[in-house]
Amino acid sequence: MNIWTVLTVILVVLVVILGLLYYFGNKAQQRQLESQKFIEASSQTANVLIIDKKKMKLKEAPLPKMVYEQSPKYLRWQKIPVIKAKIGPRVVNLVADAKVFNQLPVKAECKVKLSGIYITEVIKGGIVDEKELKRRKKANEKAAKKAAKEAKKAAKSK
């Protein structure tokens with residue numbers, strides 16, 4: 001008798017937890033769909049020259065203060081993909097989608113969809129395949145090592 005009551009209580013608690021997760025999951029999904037519609041409605045295409053890209057904490061990112069203040073508290077300590085780009089004559093800092101961040105080539109021009117300061121899609125000029133992505137990553141690492149070696153030599157010669 002005692003074991004069955006414990007099992008029924010555990011079962012009832014699990015059912016309640018699953019019900020709450022289902023409810024809040026649907027609510028979050030609806031909010032995400034609404035925000036996605038808003039992003040799509042306000043998006044525009046632009047030619048962008050990517051200067052630099054990094055993953056930084058939101059607090060350290062060179063974004064407007066309003067972005068930090070309006071972000072949810074749980075996102076403030078996560079690293080976000082930040083891109084320094086030149087759009088026309090202006091140099092601006094943008095935030096990219098996680099999928100888009102890997103596709104954007106550094107020091108190259110590409111056509112992207114922008115929604116405010118958020119890059120949602122690469123239309124032309126992005127890296128599509130994994131081999132090209134790995135090749136560029138190796139090339140960047142090689143260039144960084146070479147620059148470090150040259151800086152070391154310059155420091156020794158002085």
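All residue numbers refer to positions in the sequence shown, counting from 1. Predicted model only: the values in this text are computed from it and were never measured.
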Open item on the list: Determine whether Lys55 and Val82 satisfy the following criterion, side chain to side chain contact (heavy atoms under 4.5 Å, CB included), listing intermediate values before the conclusion.
Closed with: CA-CA 6 Å; Lys55 287 198 174 193; Val82 177; over 6 Å; no

Open item on the list: Please check this pair: side chain of Lys86 against backbone of Val48, looking for a donor-acceptor N/O pair closer than 3.5 Å.
Closed with: no

Task: Heavy-atom side-chain contact between Lys27 and Arg31 under 4.5 Å - done: yes

Open item on the list: Just checking Phe38: does its CZ atom have more than 12 heavy atoms from other residues, nucleotides or ligands closer to it than 6.0 angstrom?
Closed with: no

Task: Heavy-atom pair with the smallest gap, counting every atom of Leu114 and Ala46 - done: CD1-CB, 3.9 Å

- [ ] Show your reasoning for whether side chain to side chain contact (heavy atoms under 4.5 Å, CB included) applies to Leu94 and Tyr118.
- [x] CA-CA 6 Å; Leu94 304 169; Tyr118 191 67; over 6 Å; no

Open item on the list: Rounded to the nearest 0.5 Å, what separates atom NZ in Lys59 from atom OG in Ser71?
Closed with: 11.0 Å

Task: Value rounded to 0.5 Å, distance of CG in Leu49 from CD1 in Ile51 - done: 5.5 Å

- [ ] Return the minimal non-hydrogen interatomic distance between Ser43 and Lys113, and the atom names on each side.
- [x] OG-CD, 4.2 Å

TODO: Mind checking the CE-NZ spacing from Met56 to Lys79? Nearest 0.5 Å is all I need.
DONE: 9.5 Å

Open item on the list: If you compare all heavy atoms of Cys110 against all heavy atoms of Ile50, which two are closest, and at what distance to 0.1 Å?
Closed with: SG-CG1, 4.1 Å

Task: Shortest non-hydrogen contact from Ala96 toward Ile83 - done: CB-CD1, 3.5 Å

- [ ] Starting at NZ of Lys153, measure out to CD of Glu150 and round the result to the nearest 0.5 Å.
- [x] 7.5 Å

TODO: Indicate yes or no: at least one non-hydrogen side-chain atom of Ile119 is less than 4.5 angstrom from one of Leu104.
DONE: yes

Task: Hydrophobic cluster membership, Ile87 vs Val112, 4.5 Å side-chain cutoff - done: yes

Task: Leu58 side chain reached by Gln78 side chain, heavy atoms, under 4.5 Å - done: no

Task: Distance-minimising heavy-atom pair for Pro62 and Asn93 - done: O-ND2, 2.9 Å

Open item on the list: With a 4.5 Å cut-off on side-chain heavy-atom distances among I, L, V, M, F, W and Y, is there a chain of contacts connecting Val106 to Ile123?
Closed with: no

- [ ] Look at the side chain of Lys111 and the backbone N and O of Thr45, then say whether any donor-acceptor pair between them is shorter than 3.5 Å.
- [x] no

TODO: With the side chain counted from C-beta on, respond yes when Leu63 and Ile80 share a heavy-atom pair under 4.5 Å apart, and no when they do not.
DONE: yes

Task: Val16-Tyr23 co-clustered via ILVMFWY side chain contacts under 4.5 Å - done: yes

Open item on the list: Applying a strict under-4.5 Å side-chain criterion to I, L, V, M, F, W and Y, I'd like to know whether Val92 and Tyr68 cluster together.
Closed with: yes

Task: Verify same cluster id: Val6, Leu14 (apolar side-chain graph, 4.5 Å) - done: yes

- [ ] Calculate, to the nearest 0.5 Å, the distance between atoms CD and NZ belonging to Gln103 and Lys99 respectively.
- [x] 9.0 Å

